There are 2 protein chains.
Amino acid sequence: MRELPTGGPPPSGPRPTGRSPVRRATMRDVAALAGVSVKSVSRVINGGDAVSADLREKVSRAIERLDFQPNLAASSLRRSDGVTGQIALLLEDLANPFSATLNRAVEDVAHRHGTLVFAGSLEEDGNRELALVRASTLRRVDGIIIAPATRDHGYLNREVRAGTPVVFVDRAPRGLSADHVLSTNAEGARDAVLHLADNGHERIAYLGDHPSIPTAADRLRGYTGAMRDLGLAVDPRLVVQGLSATGAAAAATTALLSGDAPPTALFTSQNLVTIGAVTALQGLGRQREVAVVGFDDFPLADLLSPKVTVVAQDVPEIGATAARLLFGRIAGDDPPHRACSVPTRLVVRESGLIPPR
Amino acid sequence: MRELPTGGPPPSGPRPTGRSPVRRATMRDVAALAGVSVKSVSRVINGGDAVSADLREKVSRAIERLDFQPNLAASSLRRSDGVTGQIALLLEDLANPFSATLNRAVEDVAHRHGTLVFAGSLEEDGNRELALVRASTLRRVDGIIIAPATRDHGYLNREVRAGTPVVFVDRAPRGLSADHVLSTNAEGARDAVLHLADNGHERIAYLGDHPSIPTAADRLRGYTGAMRDLGLAVDPRLVVQGLSATGAAAAATTALLSGDAPPTALFTSQNLVTIGAVTALQGLGRQREVAVVGFDDFPLADLLSPKVTVVAQDVPEIGATAARLLFGRIAGDDPPHRACSVPTRLVVRESGLIPPR
DNA sequence: CTGTTAGCGCATTCAT
DNA sequence: ATGAATGCGCTAACAG
């Protein structure tokens, strides 16, 4: 017979240490102490079935005394719906503001559903994505929210078929049909260009990430579309791609402005690129001469001088929407897959109002 | 007999939908298809025991064909060490830079240990802390890293005794003995004050959070200690506490500077307080007259003008250290509890070099 | 090297 | 309203 935890003071002898932990009480222990069956303990814990007040009382006392904490893994292993109360959230980098804010928004919705969130960073690494998705399904998460690093997501079909819903954020699914929640990237980029054009600019540069990144491609599309609609030429010398860090963006900005056909305004299609461009402008002492509109708001954008005008994404809304879609499917909803667009918003500050010169 | 997944094309009939998922293959299915025992499948998967090449081959093919993914919950339920490959990370707010950076650092170490991280926000809410700790232990996490919101952490003793190690970050444990990893808060604050004094300041104000927050108390202690050691009076009119948001910090700054005994320098003991103070200074047009040193670095601190001097914490190091301590204990290490100090670093930029006037 | 039996902790099905 | 038996998917302890 195995030793039962007593709830009272430990018997004399060696103190428990980390290496010989006190065994956690199980339902059997509770049942034995309360003098009832295991099933009755289960009933008291899960509610549902009717239980007499007396039995409930006895069981509750035993639970208290033994500090019993039901093992959820065992529970969901046996239970018919198999729900684990765990979801996975796989983003680019939990440390960056976009991912971190999204994480928080998803956590809040999950919390209301009694669900814990496995958060992971993909680092634009397809293999890491595969590993983390697998790690998640091995633990039978109830669902996955993902901003994928891979280009083809067909491999997720089997998970979806096995009953694990997947919702995409920030990037659209390829190779499978699934719910996804995206910012209006093209429209937001268009708004940025129109704002600069409104202030008299014609030579507007695009500084962005590699076009293999879908959001970057969408924002470029918004830029070129707006330029065309305005009757402005898209000068290839003013389009710089492949920028993903502040350093490269700063260098590109400096090169652009010292070239033979300099722009009078910059549209920077991403956070770090914006910061790099602003840094370069400050270095050149020209931050009040060249207009800037950035995609993505960032903390302190309104403390810089000039204050930086941006197209802001509603990141909490993206996260909350994705989480709601996911929990809907976890609950059994099965409507056709939805594509949700979360509007961006032009936040007019100062840097976009600088006139051409 | 239950229906076996075939691995081949699905039989005719209604297509599988989200509501009637295809059952995931189990070891039994794999064993049946490979014509071996369940235990042999387990051996192939877990390595360890010697297995003939032929058997390994047959099993591997069956696993492939059925897309078998072992259920880790069932595995750790049965296995003797009970390891789940899950830890909990409970921080103040996953969306703020400190928590987000810590999260990422912990994730990286966990990833190397094949472990997933439940990340949660406590929001300075003791009840939320209790709920999240309980949610974590119900899922039998292998360990917990926590920056607690409660004042007394004695309730964690039972978890530690039950074999779930706990490591504290950013705040020291009270009511139990446990590993903890803290920045050198008092020393960092002292460095800030000494730097300002070096530049001629004597009337140095302290702007900080409520002293019930231990880090705030430590930083105040560093401030007063340094002032005393310098032979400078600690003027109570220059000590403002209870500041936790930018708005309040800005208001306090404005009030301080328009009072009858204004400071010539500010030591702001937290991120948001620093930003609030800088905002207020800019609003008054006095950002080049009043010196500032802040505790905690923040993005773009070096893009502001003047660039903001700060005492920076080494957040990735805090996270990595905490994670290493935790995984050590999970692996069975049981040394006396350690208190780790992670040094802060004075990042001299411009705002601390402004002379008194 | 391989298989059989038992049981992790719990919910389910069926009995009473 | 309560309990006994069964099994979720897997590994441990023992066979052979």
Side-chain angles (χ1 to χ4, degrees), chain A residues 1-5 21 23-32 34-59 62-63 66-85 137-140 162-163, chain B residues 1-5 21 23-32 34-59 62-63 66-85 137-140 162-163:
Chain A
M1 168 135 187
R2 47 185 197 174
E3 184 191 350
L4 293 176
R23 189 174 63 76
R24 288 185 188 273
T26 71
M27 273 198 180
R28 269 179 52 184
D29 303 327
V30 175
V36 301
S37 77
V38 173
K39 178 58 195 172
S40 293
V41 177
S42 174
R43 283 203 178 91
V44 169
I45 288 173
N46 295 314
D49 297 14
V51 178
S52 75
D54 172 55
L55 194 150
R56 153 166 280 110
E57 177 59 24
K58 281 190 297 188
V59 170
I63 288 176
L66 297 178
D67 184 31
F68 169 67
Q69 299 191 276
N71 183 327
L72 242 52
S75 162
S76 63
L77 180 62
R78 188 64 182 88
R79 114 183 300 135
S80 55
D81 60 11
V83 168
T84 58
T137 57
L138 292 184
R139 289 168 178 80
R140 299 297 187 264
Chain B
M1 166 131 188
R2 47 185 197 176
E3 184 191 349
L4 293 176
R23 188 173 64 77
R24 287 185 189 274
T26 72
M27 273 198 181
R28 269 179 54 183
D29 303 328
V30 175
V36 301
S37 79
V38 175
K39 178 59 192 171
S40 294
V41 178
S42 174
R43 284 204 178 91
V44 170
I45 288 174
N46 294 314
D49 297 14
V51 179
S52 76
D54 172 56
L55 194 150
R56 154 166 278 110
E57 176 60 23
K58 282 190 298 186
V59 170
I63 288 176
L66 298 177
D67 183 33
F68 169 66
Q69 300 191 274
N71 183 328
L72 241 55
S75 163
S76 65
L77 180 61
R78 187 64 183 92
R79 113 183 302 136
S80 55
D81 59 10
V83 168
T84 58
T137 57
L138 292 184
R139 290 168 178 80
R140 298 299 187 265

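Computed from a predicted model, the values in this text were never measured in an experiment. So you know, we letter chains A, B, ... as the sequences are listed, proteins then strands, and number each from 1.
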Self-check item: Atom-to-atom span, NZ of B:K58 to C1' of C:dG3 - whole angstrom
Solution: 13 Å

Quiz item: Taking C-beta and beyond as the side chain, do B:R43 and B:L55 meet within less than 4.5 Å on heavy atoms?
Solution: no

Practice problem: Classify every nucleotide of nucleotides 10-16 of chain C by which part a protein heavy atom approaches to under 4.0 Å, writing B for the base, S for the sugar-phosphate alone and - for neither, in 5'-to-3' order. | Solution: BBB----

Quiz prompt | Separation of atom CG in A:L138 from atom P in D:dC10, rounded to whole Å | solution = 10 Å

Quiz item: Once you round it to whole Å, what is the distance between P of C:dG9 and CZ of B:R139?
Solution: 18 Å

Practice problem: Would you please confirm or rule out a distance under 4.0 Å between OP1 or OP2 of C:dG3 and any side-chain N or O of B:S40? | Solution: yes

Quiz item: Does any non-hydrogen side-chain atom of B:V36 lie less than 4.5 Å from one of B:V44?
Solution: no

Quiz prompt | Heavy-atom pair with the smallest gap, counting every atom of B:R24 and B:Q69 | solution = NH1-OE1, 3.4 Å

Practice problem: Supply the atom-to-atom distance A:I63 CD1 to A:R56 CZ, rounded to the nearest 0.5 angstrom. | Solution: 9.5 Å

Quiz item: Would you find a donor on one side and an acceptor on the other, under 3.5 Å apart, between the side chain of A:R140 and the backbone of A:T137?
Solution: yes

Quiz item: Has the side chain of A:R139 got a donor or acceptor atom that lies under 3.5 Å from a matching backbone atom of A:T84?
Solution: no

